[in-house]
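Step one of this worksheet: look at the structure below.
Worth knowing before you read on, the calculation uses all heavy atoms, side chains too, and leaves out hydrogens, waters and symmetry mates. Predicted model, so just to flag it, every value in this text is computed and none were measured.
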Amino acid sequence: MLNFTTTGTATDMAPLLIVHGLFGSARNWGVIAKRISDQRLVVSVDMRNHGESPRHATQSYPDMAADLEQVLDHLTPTHGAFHVLGHSMGGKAAMVLALTRPDLVKSLIVADISPVSYDHDNTHLIHAMRDLDLAQIERRSEADAALTGDIPNAGVRAFLLQSLVTKEKKWLLNLDVLEAEMPKIVGFPEVSGSYTGSAFFVSGGESTYVSRDHRPTTKSLFPNAKFASIPGTGHWLHAEKPREFEAACRAWMTAIDTRP
């Protein structure tokens, strides 16, 4: 089973499952999980080949959705259906979960991704991490300086370095599999049917990952989808404007939980 972190305790509000994106972990979402746990139980997972979760030879969305299904099959008998919040890669995995096991999903929240294939990939980031000589690194600041040439964006470096364990000289990422499976990660599988539950697609106002051209495809799979954007944010909207993102998710979940 995936490694997961539980924050808070069960209440009369439906619990929340948080599913991180590529190169992330449950730890990246710790602040938001802690804040939202004042109202509901929050469970954050490490996806396969990330964090403390098991390593596997694949990173396909059906496989990732099955991993989430296993976690929820373990938790829902006690806690009931979960709101499922996924960002980027995690958002695609959450969508496939909702399409295949809608009984586990109270509502779906997708952060800055659409159910489509993308042209870009992040292989250059994998190469930069793999090429870093960890034997020479004693502090995270040294790793940050060494990565500057290949990754000039300080925010991206800071995000990636959350998965570096300097004392153990290792990345908490299965870089070889993530590189090999990148076509699947940037793609989206052939799926059938639709999820007729409540779905909330929230994007960064300045992100290039979501466009209005994606809406027909999104609505075909999620006919009850609602859309919103957070101005002044890019793809990592939950890190760039965490309070605004949190408020949007809170309002959505509260509306679902309290409707007649």
Side-chain angles (χ1 to χ4, degrees), residues 2 14-22 24 43 45 47-48 58-73 76 80-122 181-205 207-230 233-238 245 248-249 251-253 255-257 259:
L2 297 178
L16 170 66
L17 180 72
I18 297 178
V19 189
H20 67 77
L22 181 63
V43 175
V45 297
M47 297 294 276
R48 60 170 52 205
T58 65
Q59 198 73 30
S60 74
Y61 287 110
D63 287 339
M64 286 188 272
D67 292 341
L68 299 176
E69 179 181 338
Q70 184 181 34
V71 172
L72 290 179
D73 276 336
T76 53
F82 277 62
H83 297 287
V84 180
L85 161 60
H87 172 248
S88 197
M89 179 190 79
K92 286 186 173 181
M95 284 188 265
V96 175
L97 171 71
L99 290 165
T100 55
R101 285 295 305 275
D103 57 301
L104 299 174
V105 181
K106 176 83 172 183
S107 83
L108 179 66
I109 305 172
V110 177
D112 208 65
I113 203 73
S114 297
V116 300
S117 295
Y118 290 82
D119 294 330
H120 64 267
D121 69 35
N122 292 287
E181 295 284 276
M182 190 63 68
K184 295 177 185 175
I185 294 170
V186 300
F188 194 76
E190 291 290 332
V191 291
S192 60
S194 63
Y195 172 71
T196 57
S198 300
F200 182 41
F201 287 76
V202 56
S203 59
S207 173
T208 60
Y209 281 68
V210 177
S211 77
R212 286 190 172 271
D213 293 341
H214 299 161
R215 288 200 178 182
T217 299
T218 302
K219 291 288 280 187
S220 71
L221 296 172
F222 305 95
N224 293 316
K226 306 296 182 185
F227 301 90
S229 66
I230 299 178
T233 58
H235 183 55
W236 284 276
L237 65 175
H238 60 290
F245 178 78
C249 293
W252 170 263
M253 291 186 290
I256 298 296
D257 290 346
R259 65 187 178 187

To the nearest 0.5 Å, tell me how far [X] [atom1] sits from [Y] [atom2].
| X | Y | atom1 | atom2 | result |
| --- | --- | --- | --- | --- |
| Phe82 | Met253 | CZ | CE | 12.0 Å |
| Ser107 | Lys226 | OG | NZ | 13.0 Å |
| Asp112 | Thr208 | CG | OG1 | 8.0 Å |
| Asp103 | Thr76 | CG | OG1 | 7.5 Å |
| Ile230 | Ser207 | CD1 | OG | 11.5 Å |
| Ser203 | Phe227 | OG | CZ | 9.0 Å |

Let me check something: any side-chain donor-acceptor pairs from residues 210-218 under 3.5 Å, sequence neighbours excluded? List them with distances.
from   : atom 1 : to     : atom 2 : distance (Å)
Ser211 : OG     : Asp213 : N      : 3.3
His214 : ND1    : Ser114 : OG     : 3.0
His214 : ND1    : Ser211 : N      : 3.3
Thr218 : OG1    : His214 : O      : 3.1

For residues 186-201, which side-chain N or O atoms pair as donor and acceptor with protein atoms under 3.5 Å away, sequence neighbours left out?
from   : atom 1 : to     : atom 2 : distance (Å)
Tyr195 : OH     : Val105 : O      : 3.3
Ser198 : OG     : Arg259 : NH1    : 3.0

I'd like to know whether Ile185 forms a side chain to side chain contact (heavy atoms under 4.5 Å, CB included) with Asn122, so could you lay out the CA-CA distance, the side-chain angles of the two residues, the decisive distance to 0.1 Å, and finally the verdict. CA-CA 10 Å; Ile185 294 170; Asn122 292 287; over 6 Å; no
Mind listing the closest non-hydrogen atom pair of [X] and [Y] along with its distance?
| X | Y | result |
| --- | --- | --- |
| Ser60 | Lys184 | CB-CD, 4.0 Å |
| Ala81 | Ala14 | O-CB, 4.0 Å |
| Gly80 | Pro15 | O-CG, 4.4 Å |
| Leu104 | Glu69 | CD1-CG, 3.9 Å |
| Tyr61 | Ala93 | CD2-N, 3.6 Å |

Non-neighbouring partners of His83 that pass ring pair (Phe, Tyr, Trp, His ring centres under 6.0 Å), sequence neighbours left out: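 Applying ring pair (Phe, Tyr, Trp, His ring centres under 6.0 Å) to His83 gives none.
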Are [X] and [Y] close enough that some pair of their side-chain heavy atoms sits under 4.5 Å apart?
| X | Y | result |
| --- | --- | --- |
| Leu2 | Leu68 | yes |
| Asp67 | Met47 | no |
| Phe245 | Leu85 | yes |
| Val110 | Met95 | yes |
| His87 | His20 | no |

Distance-only, no hydrogens or angles: does the [X] side chain make a donor-acceptor pair with backbone N or O of [Y] under 3.5 Å?
| X | Y | answer |
| --- | --- | --- |
| Gln59 | Met182 | no |
| Lys92 | Val116 | yes |
| Tyr118 | Tyr209 | yes |

Just to verify, what does Asp73 make a salt bridge (charged side-chain N to carboxylate O under 4.0 Å, His left out) with, not counting sequence neighbours?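 Applying salt bridge (charged side-chain N to carboxylate O under 4.0 Å, His left out) to Asp73 gives Arg101.
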Once salt bridge (charged side-chain N to carboxylate O under 4.0 Å, His left out) is applied, do any residues pair with Lys106, and if so which ones, sequence neighbours excluded?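 Lys106: no salt bridge (charged side-chain N to carboxylate O under 4.0 Å, His left out) contacts found.
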Please name the residue in the list Leu16, Ile109, Ile18 that meets the side chain to side chain contact (heavy atoms under 4.5 Å, CB included) test with Cys249.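 When Leu16, Ile109, Ile18 are each tested with Cys249, the side chain to side chain contact (heavy atoms under 4.5 Å, CB included) holds only for Ile109.
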Check side chain to side chain donor-acceptor pair (under 3.5 Å) between Thr233 and all other residues, then give those that pass, not counting sequence neighbours.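 Scan of Thr233 (side chain to side chain donor-acceptor pair (under 3.5 Å), adjacent residues dropped) gives none.
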